[in-house]
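Labels below follow one simple rule: chain letters A, B, ... track the order of the sequence lines, proteins then strands, and each chain is numbered from 1. Note that this is a predicted model, so its numbers are computed, not measured.
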Amino acid sequence: MNITLTFPDGSTRQYNQGVTGLHIAESISHNLARNALGIFVDGVPYDLSTPIRADAHVRIVTFDDDEGKQIFWHSSAHLMAEALEALYPGVKFGIGPAIEQGFYYDVDLPNGVKLSLEDLPNIEAKMKELAQRDVPFQRVEIAWRDAVAYFQQKGDEYKLELLEGLQGQTITFYTQGGFTDLCRGTHVPSTGFLKFPKLLSVAGAYWRGDEKRKMLTRIYGIAFPKKQMLEEFLKQREEAEKRDHRKLGKELELFMITPAIGGGLPVWLPNGTVIRRKLEAFLREEQLKRGYQEVITPHIGNLYLYKTSGHYPYYADSQFPPITLTDETGREEQYLLKPMNCPHHHQIYASKPRSYRDLPVRLAEFGTVYRYEQSGELNGLSRVRGFTQDDAHIYCTEDQLKDEITSTIELTQHVFKTFGMQVTTRLSFRDDNTAKYGGDIALWERAQREIQEVADEIGLEYFIGKGEAAFYGPKIDFIVRDAIGRKWQLGTVQVDYVMPERFQLEYTGADNAKHRPVIIHRAPFGSMERFLSIIIEHYAGNFPFWLAPVQVSVLPITDAQISYATMIAQRLGNAGYRVKLDDRAEKVNRKIAESEQKKIPFALIVGKKEVEQATVSVREHGVGDKGMLRVEEVLELFARLNNV
RNA sequence: GCCAGUGUAGCUCAGCGGUAGAGCAACGGUUUUGUAAACCGUCGGUCGGGGGUUCGAGUCCCUCCACUGGCUCCA
């Protein structure tokens, strides 16, 4: 009997019933058969050895496909597990999935064995040895009871716990060589595919992500089908490390963090401050265009304010403890370093009667907030304990809500577009854990629906993150990656029906009755610190002209040109540019080298020729000699570049 | 906070039981130079803090702190 299989390009072919993915691949091309890792049948992944029994849409995947990589890395995790079992008999296994860049396995090593980085090459060598044997990954279906018996006999309580959640389902085991694991699959045909593994790091990881449970050892790795791909990956990783904002932040003197002030409390150095002020000016201008009003509020606030808002109970363990003052009568007053700006802004809103004619009210502030993050969480400028949000709160009527959400998303996208950043958008909704959230469920559902409607209407590409909402409402979060590929949330737009209720915010409607406004919290950059960390890495420190701390250096070749060079520097400085004159008695090559190292966008070199012809020689950072220009021409060039 | 790793001069790093080193930077000179680093000299460290082992400790052990990679949590 024949079945008809449809391929991704829409073409169809007839096959015998029971044909395997491998046969199909062979029927298409020799090359595909060699590179095929798995087959998707009606969207579900299968091993290449699985017989296909009915008409279906099929897609054969290779390492070039994301799904193929996932299969490859998942199999690599099994291979590593086999190696670990060979080297550390008695090791117990948690979970070992493929991740975006590679795979990991969480393991419980036998009696006090501790793994460090130095052990990894050894495990890696074992993996290569096992890969050389090129044994097949074999799938077997097994009764739940038998699966339990297997792991009981093996003494692996983690797998037994996983099996508890799988009662009543068909259990599958995969075996390669001497190693058998509980696994849904899919896997590559044989270990011979996995010839080029690289183990990257060891880390602790709580079993099932629960900090009350045992900490297992997590080993991260990656693997490639070709040696060249592995080398390319390692090279890219090295390059990425050079962009690390902590490294560049030090080299370019943008910021510092010192225990003398406090961990996670970054200090903006003069160069970094130039960038920050430019970013603020850029956003301030965009906000003024969009009808925002700027406000300034204090860094601390009465604790009562945060009890009213609900921040205090929800974020109690991530706040600096309250400051408690006692007066002579013994009365206590408590103040909190503000973890958020919103309650302060709500007080501004509530400070006078509001009419529907005044709405929307848009209050913006570069507001510094403090959160007591766990010490192990601190990370350069990306994760800190004191940071400044480019915060704003929009108070509007329900009728205005959609337009306001749309316009805030538009602003956020404008920001990311300006910097040419790749962002992914997450609609952060609530999950079923009611304890995590405040407010009425009906209002939540409405807010979530409205957010999604707007996102659909403006054609936003997004995914939904359940359980990612703030306690007071759902969010739209804009997420970017740093140089090493870690994801960070930057911009955010949040809809809030809870705070207006808690703070009893009102406006008088056209009907002369009191109504509750809706609040949108939004921050396009997210935090100035985190945003700086990302743009440092995004530009690898080569900031665009308008942002560069020093925009142009003027380099006289000999002392004879110092007065001319000074005149040039003054002219540029008077025109508003950030200029550095290098009048040291150094060779021009040296001056150029340093200008390049500091990543200054332009160097203007002036020697005898330039003085005689009243010109400068322009050298562009990273590009090289652009030839001689008159100062007027340089000013024109800079004026063009200085626009955001 | 937890697991693992790392802390040596302002920076990048060597030294891993036997009297603290290099390059760069800084400082003092010499050099007047044409598109990525001139030359000579000088200064600079209770080797993260504390405790221990030892005749002797950057070097071994314990402890605390900071940082790095993860985990839980979040902008």
Please state whether the rings of Tyr370(A) and His299(A) are parallel, tilted or perpendicular, taking 30° and 60° as the class boundaries. tilted
Regarding Lys609(A) and Ser617(A), do their side chains bring together a donor and an acceptor under 3.5 Å, going by distance alone? no
With sugar-phosphate meaning primed atoms plus P, OP1 and OP2, does Val384(A) contact a base, only sugar-phosphate, or nothing at under 4.0 Å between heavy atoms? base
Do the side-chain N or O atoms of Arg619(A) get closer than 4.0 angstrom to the phosphate oxygens (OP1, OP2) of G34(B)? no
Are Arg218(A) and Tyr104(A) in a cation-pi setup, meaning NZ or CZ lies under 6.0 angstrom from the ring centre and within 45 degrees of the ring axis? yes
Heavy-atom count around Lys159(A) NZ within 6.0 Å, excluding the residue itself: above 12? yes
Which whole number of Å gives the distance between the P atom of G18(B) and that of G58(B)? 11 Å
Whole-angstrom distance between U59(B) and G17(B), as gauged at atom P: 11 Å
Indicate whether OP1 or OP2 belonging to G70(B) is found under 4.0 Å from a side-chain N or O atom of Asn379(A). no
Give a yes/no on whether any side-chain N or O of Tyr220(A) is located under 4.0 angstrom from OP1 or OP2 of A4(B). no
Return no unless some side-chain N or O of Arg246(A) is found under 4.0 Å from OP1 or OP2 of G69(B). yes
Donor-acceptor pair (no angle test) under 3.5 Å: Arg213(A) side chain, C71(B) base: no
Checking N1-N3 plus N6-O4 or O6-N4 for Watson-Crick, or N1-O2 and O6-N3 for wobble, each under 3.5 Å, the partner of U42(B) is A26(B)
State the pairing partner of A20(B); accept Watson-Crick or G-U wobble contacts with both distances under 3.5 Å, and report none otherwise. none
Syn or anti for G48(B), given that syn means the glycosidic angle lies within 90° of 0? anti
I want to confirm an ordering. Mapping Ala469(A) and Gly376(A) to their closest nucleotides on RNA chain B, which one lands closer to the 5' end? Gly376(A)
Of residues 596-603 of chain A, the positions that come close to RNA chain B - non-hydrogen atoms, cut-off under 4.0 Å: Glu596(A), Gln597(A)
Reckon Lys591(A) has a side-chain N or O less than 4.0 Å from the OP1 or OP2 of U33(B)? no
When rounded to the nearest Å, what value does the distance between C1' atoms of A25(B) and U63(B) take? 36 Å
I need the CZ-P distance between Arg208(A) and G70(B), as an integer number of Å. 23 Å
Can you check the distance between G41(B) and C24(B), where both ends of the measurement are the P atom (answer in whole Å)? 12 Å
Examine A38(B): is either OP1 or OP2 under 4.0 Å from a nitrogen or oxygen in the side chain of Arg590(A)? Give yes or no. yes
Please tell me if Lys475(A) has a side-chain N or O lying less than 4.0 Å from either OP1 or OP2 of A75(B). yes
For the pair made of CD in Gln494(A) and P in C74(B), what is the distance, rounded to whole Å? 12 Å
Looking at Phe602(A), does the NZ or CZ of Arg619(A) lie under 6.0 angstrom from its six-membered ring centre and within 45 degrees of the ring axis? no
Using the P atom in both, what is the distance from A38(B) to C71(B), to the nearest Å? 46 Å
Does any N or O donor sit under 3.5 Å from an N or O acceptor when you compare the side chain of Tyr206(A) with the base of G70(B)? no
Can you see if the side chain of Ser375(A) gets near the phosphate of G1(B) - specifically, an N or O under 4.0 Å from OP1 or OP2? yes
Do Tyr158(A) and Phe93(A) have their ring centres less than 6.0 Å from each other? no
Parallel, tilted or perpendicular: which one describes the rings of Phe416(A) and Phe531(A), with boundaries at 30° and 60°? tilted
Quick check, does Phe387(A) stack with A75(B)? I mean ring centres under 5.5 Å and planes off by under 30°. yes
Closest-nucleotide 5' rank along RNA chain B - winner of Gly526(A) and Asp244(A): Asp244(A)
Side-chain N or O of Gln389(A) closer than 4.0 Å to phosphate OP1/OP2 of A75(B): no
Indicate, with a heavy-atom threshold strictly under 4.0 Å, whether Arg383(A) touches base, sugar-phosphate, or nothing. base
In whole angstrom, give me the gap between the P atoms of C64(B) and G5(B). 15 Å
Indicate the ring-plane relationship of Tyr437(A) and Trp444(A), choosing parallel, tilted or perpendicular according to the 30° and 60° boundaries. perpendicular
